[in-house]
Amino acid sequence: MINRRHALGLLAATSLLPARGLANVSYQRSEFRDDLAKRFFDLGTTGTFVGYKVDDYLIIASDKVRSGEGRLPASTFKIANSIIALETGVVEDPDKDVFKWDGVTRSIEPWNKDHTLRSAIAASVVPVYQEIARRIGQERMQKYVDLFDYGNRDIGGGIDQFWLTGNLRIDPIQQIDFIDRLRRGVLPVSKRSQELTRGILPVTKVGDATIRAKSGLLGAEAGKPSLGWMVGWAEKGSQQTVFAMNMDCKEQSHIAARMTVVQQCLADIVAM
């Protein structure tokens with residue numbers, strides 16, 4: 001029997017990403033939408049949006065190329081890092097365990113204070129998650145990245161840098177696969193770790209829709225943004241849509257535009 005994750009993988013392989021394809025399923029469905037690509041053009045940049053409409057087994061993408069290109073995950077890896085921290089006991093309670101500020105003043109003001117896991121993911125505090133990664137350690141980190149089948153699974157480049165400047169790469173289809181397994185609670189870790197992680201994801205309300213998502217931005221601390229991510233899922237009634245978006249951040253306004261583009265694309269595919 002082909003499960004939902006297998007179907008998603010085959011759909012991506014055979015339809016979105018022909019170079020990967022080895023198998024085929026009769027009920028695969030995918031669409032490419034020029035109106036989604038136009039959202040990035042209108043901003044004066046380039047990017048990709050992929051949405052997975054869960055109940056329909058339908059992938060809708062803005063393009064055939066960038067949707068399959070692996071890139072550094074940046075702070076979207078904080079989702080996986082949180083799960084691993086909880087699973088290994090590096091963090092016992094996301095609201096009570098405190099990571100003390102190291103006293104180094106950084107350009108992003110919310111980073112310059114103590115944090116719990118919940119507040120650290122909300123403010124996307126890189127130093128906290130770097131400390132978490134160091135406490136997890138190379139061996140355990142590799143074990144769980146392998147278990148999650150996360151991107152190319154390469155954590156070379158430093159235990160506290162591999163998702164920022166190192167060797168880890170993940171494409172939007174892989175992001176959706178990982179996020180969808182977390183959403184359903186079927187990752188190969190405890191239900192508790194997954195439930196707690198789902199519970200700390202930043203939430204945005206848009207009308208009667210709820211978006212649970214994590215952003216990512218390369219070069220943020222250096223003041224030189226280059227790549228922006230937004231991954232997560234939208235819930236509207238019983239309808240759920242998992243999504244992944246990345247875009248080139250060529251100017252400061254593009255940073256805030258990440259969520260705007262996601263909301264526009266979700267509306268375009270009638271997911272919110």
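In this text, all values refer to a predicted model and were calculated from it rather than measured experimentally.
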Could you state whether [X] and [Y] fall into the same hydrophobic cluster, counting links through intermediate Ile, Leu, Val, Met, Phe, Trp or Tyr residues with side-chain heavy atoms under 4.5 angstrom apart?
X      : Y      : result
Phe41  : Met230 : no
Ile59  : Val270 : no
Leu147 : Leu196 : yes
Val203 : Val125 : no

Which atoms form the tightest heavy-atom contact between [X] and [Y], and what is the distance?
X      : Y      : result
Val261 : Met247 : CG2-SD, 4.5 Å
Ala85  : Ile136 : N-CD1, 3.9 Å
Ser62  : Gly47  : OG-O, 4.3 Å
Ser67  : Val50  : CB-CG2, 3.6 Å
Leu164 : Ala74  : CD2-CA, 4.3 Å
Pro94  : Thr116 : O-CB, 3.3 Å

Atom pair [atom1] ([X]) and [atom2] ([Y]), whose distance is rounded to the nearest 0.5 Å:
X      : Y      : atom1 : atom2 : value
Leu182 : Leu187 : CG    : CG    : 5.5 Å
Ile79  : Ile179 : CD1   : CD1   : 3.5 Å
Arg71  : Thr48  : CZ    : OG1   : 9.0 Å
Met245 : Ile176 : CE    : CD1   : 12.0 Å
Leu117 : Ile132 : CG    : CD1   : 5.0 Å
Arg183 : Leu201 : CZ    : CG    : 13.0 Å

Expected output: side-chain [X] to main-chain [Y] donor-acceptor under 3.5 Å:
X      : Y      : result
Arg118 : Gly199 : yes
Glu69  : Ile170 : no
Gln175 : Phe243 : no
Arg66  : Lys64  : no
Gln239 : Lys236 : no
Asp114 : Trp101 : yes
Thr88  : Ile84  : yes
Asn246 : Gly228 : no
Lys250 : Ser226 : no
Asn152 : Arg169 : yes

Considering only NZ, NE, NH1 and NH2 on the basic side and carboxylate oxygens on the acidic side, decide whether [X] and [Y] come within less than 4.0 Å.
X      : Y      : answer
Glu87  : Arg192 : no
Asp180 : Arg184 : yes
Arg33  : Asp35  : yes
Glu131 : Arg135 : yes

I'd like a table of donor-acceptor pairs (distance under 3.5 Å, sequence neighbours excluded) in which one partner is a side-chain atom from residues 155-163, with atom names and distances.
residue	atom	partner	partner atom	Å
Asp160	OD2	Arg134	NH1	2.6
Gln161	OE1	Thr165	OG1	3.1

Report yes if some heavy atom in the side chain of [X] is under 4.5 Å from a heavy atom in the side chain of [Y]; otherwise report no.
X      : Y      : answer
Ile60  : Ser30  : no
Val54  : Thr241 : no
Val242 : Asp177 : no
Leu168 : Pro73  : yes
Tyr52  : Trp233 : no
His254 : Leu43  : yes
Leu217 : Cys249 : yes
Asn112 : Arg106 : yes

Could you tell me if [Y] and [X] have a donor-acceptor pair between their side chains, going purely by distance under 3.5 Å?
X      : Y      : result
Ser124 : Lys214 : yes
Tyr129 : Ser82  : yes
Asp146 : Gln142 : yes
Asp248 : Thr45  : no
Trp111 : Glu109 : no

Inset, instruction - Could you name each residue pair satisfying salt bridge (charged side-chain N to carboxylate O under 4.0 Å, His left out) that touches residues 255-272, not counting sequence neighbours? - result: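 Qualifying pairs, neighbours excluded: Arg39-Asp268.
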Inset, instruction - Before giving the answer on side-chain contact (heavy atoms from CB on, under 4.5 Å), spell out for Leu58 and Ile269 the whole-Å C-alpha distance, their side-chain angles and the decisive distance to 0.1 Å. - result: CA-CA 11 Å; Leu58 172 65; Ile269 66 173; over 6 Å; no
Inset, instruction - Decide yes or no on ring pair (Phe, Tyr, Trp, His ring centres under 6.0 Å) for Phe148 and Phe178, but give the supporting numbers first. - result: CA-CA 7 Å; Phe148 295 164; Phe178 171 70; 5.7 Å; yes
Legend entry - Steps toward side-chain contact (heavy atoms from CB on, under 4.5 Å) verdict (His115, Val98): CA-CA 6 Å; His115 279 281; Val98 175; over 6 Å; no
Inset, instruction - Could you go through the side-chain hydrogen bond (donor to acceptor under 3.5 Å, both in side chains) check for Thr210 and Lys205 one step at a time? - result: CA-CA 5 Å; Thr210 299; Lys205 298 279 190 179; 3.0 Å; yes
Legend entry - Within the 6.0 Å centroid threshold, strictly below: Phe77 and Tyr150: yes
Inset, instruction - Using the side-chain contact (heavy atoms from CB on, under 4.5 Å) rule, take Arg140 and Val90 through it: C-alpha gap first, then chi angles, then the decisive distance, then the call. - result: CA-CA 11 Å; Arg140 290 193 295 182; Val90 166; 3.8 Å; yes
